[in-house]
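What follows is one structure encoded as structure tokens, with my remarks underneath.
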Amino acid sequence: MNSDQQIAELQRGADEVLLAADLVKKLKRGVPLRVKAGFDPTAPDLHLGHTVLLTKMRRFQDFGHEVTFLIGDFTSLIGDPSGRNVTRPALSAEEIQTNARTYEAQVFKVLDRGKTRIDFNSRWLSKLTAEDVVRLSAHYTVARMLERDDFSKRYRAGVPISIHEFLYPLAQGYDSVAMRADVELGGTDQKFNLLVGRTLQEAYGQEPQVVMTVPLLVGTDGVNKMSKSLGNYIGITEDPDSMFGKIMSISDELMWRYFELLSFRPLAEIATLKREASDGRNPRDIKFELAREIVARFHDAAAAERAHRNFIARVSQKAVPDDLPLRVIAVDGAGLRVANLLKEAGLAVSTSEGNRKIDEGAVRIDGTRVTDKGLTLKAGAEHVIQVGAKRFARLRLEPKA
């Protein structure tokens, strides 16, 4: 891809790029950029929310840039105050090392192992002397620290802020100085810390990095950010069936956000899928594609196909007869509307009756109730169609010869 195409893909799903003009300038030099993203090993397992950042890192790798997965083993000793209304408890060195080893084992589900550098910020931060820390602190003011939303709220509310918490953004910013980063990636909650990196790089005579923030992925509840504590998460080490089922549980609207933030598909492909949905393709079938892609990434293609089959069996098994015969129906390239399919399958005497059954909420496809009379099914798939409580048909749609 040329630099303009790279920029479009790299900005895909990003919340902010600061400064976009700097990114354009850096890319047009034609030299691989040094890209970093830091992860404090505060929990042993990663979920899909974490992989939004990893997916963005992977895109930089795909375009030939140098990507470092930075484990904040030193900064974890301080505790990131981002988004906290109280002081975050620091982890022990043993907890940090255990979690860091788990991270190393998991990130290559997304990142290219051969193109990824893993580093630890203790390598330079632990070597700073007291004099170094004093000089580093001199580059930032208390007033600017209190511009930070979580600090200002705690200050106004009289909630204690420990001095060591001010050191966290300075330490993270110094990471960018030590690594001479061209680009730093982080979640939207990390914006303040990332901008400190720009300030410190300028203070140390370096060209400031581009800051790119990515959204916090909404969880399966469709409301809150993905979090293990809220139970709305999809863990990347979950078994294929659980992972597939959780992805299928998200809303049709949220599905497009997952495509944008998690899929490796080019934007043009996703745009095509959206047009197909607008033209009547069942969104559930498109969600199947998303679920298969994600499960295959964290397991393999065979596991994804098994999870797909198992999902259909689960949603259908409570009502579908075991001996339901398979019937083949030929359809043209435009597909067949559900009402017409009901008539072809002998589940309705006419398309009018088929539409009436849809209005009554009596029609299900693979266990999911049909509400859109314009829904069109296309060749290349097998479905269990249900009308009412007892009428079923197992259909395979094949293209007309």
Side-chain angles (χ1 to χ4, degrees), residues 9 12-15 37-62 67 69 71 82-83 99 102-113 116 185-190 212-267 269-270 273 283-284 286-301 303-304 306-308 310-311:
E9 280 290 339
R12 156 185 173 174
D15 188 77
F39 293 77
D40 281 358
T42 54
D45 296 309
L46 300 177
H47 54 61
L48 288 189
H50 297 113
T51 70
V52 174
L53 199 53
L54 294 174
T55 301
K56 185 65 66 182
M57 295 169 72
R58 176 60 184 259
R59 296 306 285 160
F60 274 98
Q61 286 184 325
D62 291 342
V67 167
F69 181 90
I71 296 178
S82 299
N99 294 345
T102 305
Y103 277 18
E104 284 188 82
Q106 294 176 3
V107 297
F108 295 120
K109 298 285 188 179
V110 180
L111 299 180
D112 185 324
R113 184 184 294 271
T116 303
L185 308 174
T188 51
D189 59 340
Q190 289 291 311
M212 183 179 289
T213 60
V214 297
L216 303 177
L217 186 69
V218 173
T220 54
D221 59 2
V223 178
N224 300 295
K225 75 173 184 177
M226 188 171 287
S227 167
K228 293 194 75 171
S229 62
L230 295 176
N232 64 352
Y233 70 100
I234 304 172
I236 70 172
T237 59
E238 289 190 43
D239 66 87
D241 287 339
S242 296
M243 185 178 290
F244 197 99
K246 286 185 178 183
I247 294 170
M248 292 304 298
S249 75
I250 66 174
S251 68
D252 294 344
E253 182 181 359
L254 185 57
M255 167 182 71
W256 298 117
R257 192 62 167 155
Y258 275 49
F259 263 117
E260 182 181 26
L261 297 177
L262 300 174
S263 175
F264 287 168
R265 292 169 180 260
L267 288 171
E269 271 191 40
I270 296 173
L273 292 174
R284 187 218 53 185
I286 298 174
K287 202 180 300 178
F288 278 153
E289 295 192 31
L290 173 66
R292 284 198 302 268
E293 177 185 352
I294 299 300
V295 173
R297 180 180 309 157
F298 296 107
H299 295 280
D300 56 49
R306 284 194 300 273
H308 186 176
N310 292 342
F311 177 83

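Note: hydrogens, waters and symmetry copies are ignored here, and every other heavy atom, side chains too, is used.
- Separating the CD atom in Glu9 from the CG atom in Asp62 is a distance of 9.5 Å, to the nearest 0.5 Å.
- In this structure, the separation between NZ on Lys56 and CG on Leu261 is 8.0 Å, given to the nearest 0.5 Å.
- Counting heavy atoms from C-beta on, the side chains of Met226 and His50 never come closer than 4.5 Å.
- Closest non-hydrogen pair, Pro215 versus Thr188, comes out as CA-CG2, 4.0 Å.
- Here the side chain of Asp112 pairs no donor or acceptor atom with the backbone of Arg58 at under 3.5 angstrom.
- You'll find the side chain of Asp189 reaches within 4.5 Å of the side chain of Leu216, heavy atoms only.
- Taking 4.5 Å as the limit, some side-chain heavy atom of Ile286 sits within range of a side-chain heavy atom of Phe259.
- The aromatic rings of Phe244 and His308 sit parallel, their planes meeting at an angle under 30°, below the 60° perpendicular limit.
- A distance of 9.5 Å separates CD of Gln61 from CG of Leu54, quoted to the nearest 0.5 Å.
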#### Entry: Worked check of side chain to side chain contact (heavy atoms under 4.5 Å, CB included) between Val52 and Leu262
CA-CA 6 Å; Val52 174; Leu262 300 174; 3.8 Å; yes
### Message
Between Leu48 and Tyr233, does the side chain to side chain contact (heavy atoms under 4.5 Å, CB included) criterion hold? Intermediate values first, please.
### Response
CA-CA 7 Å; Leu48 288 189; Tyr233 70 100; over 6 Å; no
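- For the atom pair CG of Leu290 and CH2 of Trp256, the computed distance is 9.5 Å after rounding to the nearest 0.5 Å.
- For the pair Gln106 (side chain) and Leu46 (backbone), a donor-acceptor distance under 3.5 Å is present.
- Residues satisfying the side-chain hydrogen bond (donor to acceptor under 3.5 Å, both in side chains) test with Ser263, not counting sequence neighbours, are Glu293.
- The two residues Arg297 and Lys109 make their nearest non-hydrogen contact at CG-O, 3.1 Å.
- Nearest heavy atom pair, residue Ile250 against residue Leu254, reads CB-CD2, 4.1 Å.
- In this structure, the side chains of Thr220 and Ile234 come closer than 4.5 Å at one or more pairs of heavy atoms.
- A distance-only check finds a donor-acceptor pair linking the side chain of Asn232 to the backbone of Asn224 [under 3.5 Å].
- Closest non-hydrogen pair, Ala14 versus Met212, comes out as CB-CG, 4.0 Å.
- When side chains are defined from C-beta on, Glu238 counts as touching Lys246, because their heavy atoms get closer than 4.5 Å.
- Thr51 places a side-chain heavy atom less than 4.5 Å from the side chain of Phe298.
- In this structure, Gln190 and Leu53 have side chains that are not in contact, with every pair of non-hydrogen atoms separated by 4.5 Å or more.
- When all heavy atoms are compared, the tightest approach of Ile247 to Lys287 is O-CD, 3.6 Å.
- Note that CG of Leu217 is 8.5 Å distant from NE2 of His47, once rounded to the nearest 0.5 Å.
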### Message
Let's go through Val218 and Arg257 carefully: what are the C-alpha distance in whole Å and the side-chain angles of both, what is the deciding distance for side chain to side chain contact (heavy atoms under 4.5 Å, CB included) to 0.1 Å, and is it a yes or a no?
### Response
CA-CA 9 Å; Val218 173; Arg257 192 62 167 155; over 6 Å; no
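- Between Phe288 and Phe311, the ring-plane angle classifies as perpendicular under the 30° and 60° cut-offs.
- In this structure, the separation between CD1 on Ile270 and CZ on Arg12 is 4.0 Å, given to the nearest 0.5 Å.
- A pairwise comparison of heavy atoms in His299 and Asp239 identifies NE2-C, 3.9 Å as the closest pair.
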### Evaluation steps, side chain to side chain contact (heavy atoms under 4.5 Å, CB included), between Thr55 and Val110
CA-CA 6 Å; Thr55 301; Val110 180; 4.1 Å; yes
